[in-house]
J.: 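After the structure tokens below, expect a handful of questions from me.
Counting from 1, the numbers follow the sequence of the chain as shown. Counting starts at 1 for both ligands and their atoms, following the listed order. Just so we're clear, the structure is a prediction, and the values are computed from it rather than from any experiment.
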Amino acid sequence: MSDILTHIDGGVMTVTLNRVDKKNSITSAMYGAMADALAKAEADAAIRVVLFQGHETIFSAGNDIGEFLNKPPAGKESPVFRFLRGIASFPKPVVAAVCGPAVGVGTTMLFHCDLVYAGDNAAFSMPFVNLGLCPEAASSLLVPQMMGYHRAAEALLMGEPFMAEAALEVGLVNRIVPPTEANGVAQSQARKLAAKPIASLIETKRLMKKGQARLVLEQMDEEGASFGRMLGEPAAKEAFGAFMEKRRPDFSKV
Ligand code: COA
């Protein structure tokens, strides 16, 4: 079965990350499929809302680390950047259901969703520094904005995970539910949105986001350039090598 499943019903396109044996880590093919799904959802008038979901035990372990080593994203037209630009500027509502770990892009993509429902087992983390990298998806702008600088520093400089309750407190998630119910609750909220007048949804979202829409894309570009460079540097190579070899990284020489 495909690693990304899409299903359209009741005006909602549900996009399911379906690579559970690899903790829903995201390959370039998966980013490409998600970018294509967003493009289809934007163009198709019958699709009014997009819902991203994973499994009740795992949302996503972030970018596939093997690909970071062997097939790093090349340039602005690479699937990951197509996906990130697509979700950041998607005009219709986007809902997410998040259970278990949401690592790296598994968390940063949520800053571009309109409604987020979390299982009580959700654990969010952005360990870019611990991987010798820097933030992506405009998270260096949006995380401090949402959480305040010092909590953002814990999340982004220390790479400390935070749980569903903390995410609720800072406003990253709308509601915490039992993991077995998260996808269902998110689906039900998405259906409620899909029943509303689409032009009003689109205009309201545009007005809420317009103040910094351009800034978000500029930040994403700047982060992307740094991230791309850092992927090839010794700290990141050490971090990825350590992950693949199931050992702790040693940054003493980088
Ligand atoms: N890329 C590639 N493979 C990954 C992966 C990733 N980001 N995350 C997990 N996997 C793979 C593991 O290599 C393992 O594969 P194997 O069974 O062939 O050995 C499998 O998924 C299960 O992972 P494991 O680490 O044993 O699961 P866990 O339940 O103990 O831990 C996580 C789950 C998500 C906490 C842990 O896998 C993790 O920290 N992953 C890396 C997250 C990360 O740094 N992502 C990059 C962000 S930019």
J.: Mind running salt bridge (Lys or Arg N to Asp or Glu O under 4.0 Å) on Arg206 and Glu203 for me, showing each step along the way?
T.: CA-CA 5 Å; Arg206 186 188 74 76; Glu203 186 59 4; 2.9 Å; yes

J.: Going by the closest heavy atom to atom 2 (C) of ligand 1, which one wins out of Leu131, Ile65, Asp21?
T.: Ile65

J.: Working note: Glu77 + Arg85, criterion salt bridge (Lys or Arg N to Asp or Glu O under 4.0 Å); need CA distance, chi angles, decisive distance, verdict.
T.: CA-CA 10 Å; Glu77 288 317 309; Arg85 270 200 311 275; 3.3 Å; yes

J.: Look at atom 3 (N) of ligand 1 and say which protein heavy atom is nearest, naming residue and atom and giving the distance to 0.1 Å.
T.: Ser25 OG, 3.7 Å

J.: As an exercise, identify every atom of ligand 1 less than 4.0 angstrom from a heavy atom of Val103.
T.: 42 (C), 43 (C), 45 (N), 47 (C)

J.: Check for a donor-acceptor pair, side chain of Glu67 on one end and backbone N or O of Pro72 on the other, with a separation under 3.5 Å.
T.: no

J.: Any idea which of Ala61, Ala236, Pro135 brings a heavy atom closest to atom 8 (N) of ligand 1?
T.: Ala61

J.: Considering only the protein, which heavy-atom contact is closest to atom 35 (C) of ligand 1, and what is its distance?
T.: Pro101 CG, 4.5 Å

J.: Would one find an N or O of Phe68, backbone or side chain, under 3.5 Å from an N or O of ligand 1?
T.: no

J.: For atom 17 (O) of ligand 1, which candidate among Lys23, Glu136, Lys22, Glu67 provides the closest heavy atom?
T.: Lys22

J.: Kindly indicate whether atom 30 (O) of ligand 1 is approached by any protein heavy atom to under 4.0 angstrom.
T.: no

J.: Is there a heavy atom of Val105 sitting under 4.0 angstrom from any atom of ligand 1?
T.: no

J.: Pick out which of Pro161, Ser125, Ser60 makes a side chain to side chain contact (heavy atoms under 4.5 Å, CB included) with Val103.
T.: Ser125

J.: Applying salt bridge (Lys or Arg N to Asp or Glu O under 4.0 Å) to Lys22 and Asp3, what does each step give before you reach the verdict?
T.: CA-CA 10 Å; Lys22 294 291 179 189; Asp3 291 340; over 6 Å; no

J.: Which heavy atom of the protein is the closest neighbour of atom 38 (C) of ligand 1, given with residue, atom name and distance?
T.: Phe243 CE1, 4.1 Å

J.: Honestly curious: do Leu17 and Val49 fall in one hydrophobic cluster under the side-chain, below-4.5 Å linking rule?
T.: no

J.: Tell me the protein heavy atom at minimum distance from atom 7 (N) of ligand 1, and give that distance in Å.
T.: Asn63 O, 3.0 Å

J.: I'd like to know if atom 26 (O) of ligand 1 has any protein heavy atom within a distance of less than 4.0 Å.
T.: no

J.: Under a 3.5 Å distance rule, please check whether Asp120 uses its side chain to pair with a backbone N or O of Pro178 as donor and acceptor.
T.: no

J.: CD of Glu222: more than 12 outside heavy atoms within 6.0 angstrom?
T.: no

J.: Could you tell me whether ligand 1 has any atom less than 4.0 Å away from a heavy atom of Lys246?
T.: yes

J.: Report yes or no: does Asn18 contribute a side-chain atom to a donor-acceptor pair with the main-chain N or O of Gly54 at less than 3.5 Å?
T.: no

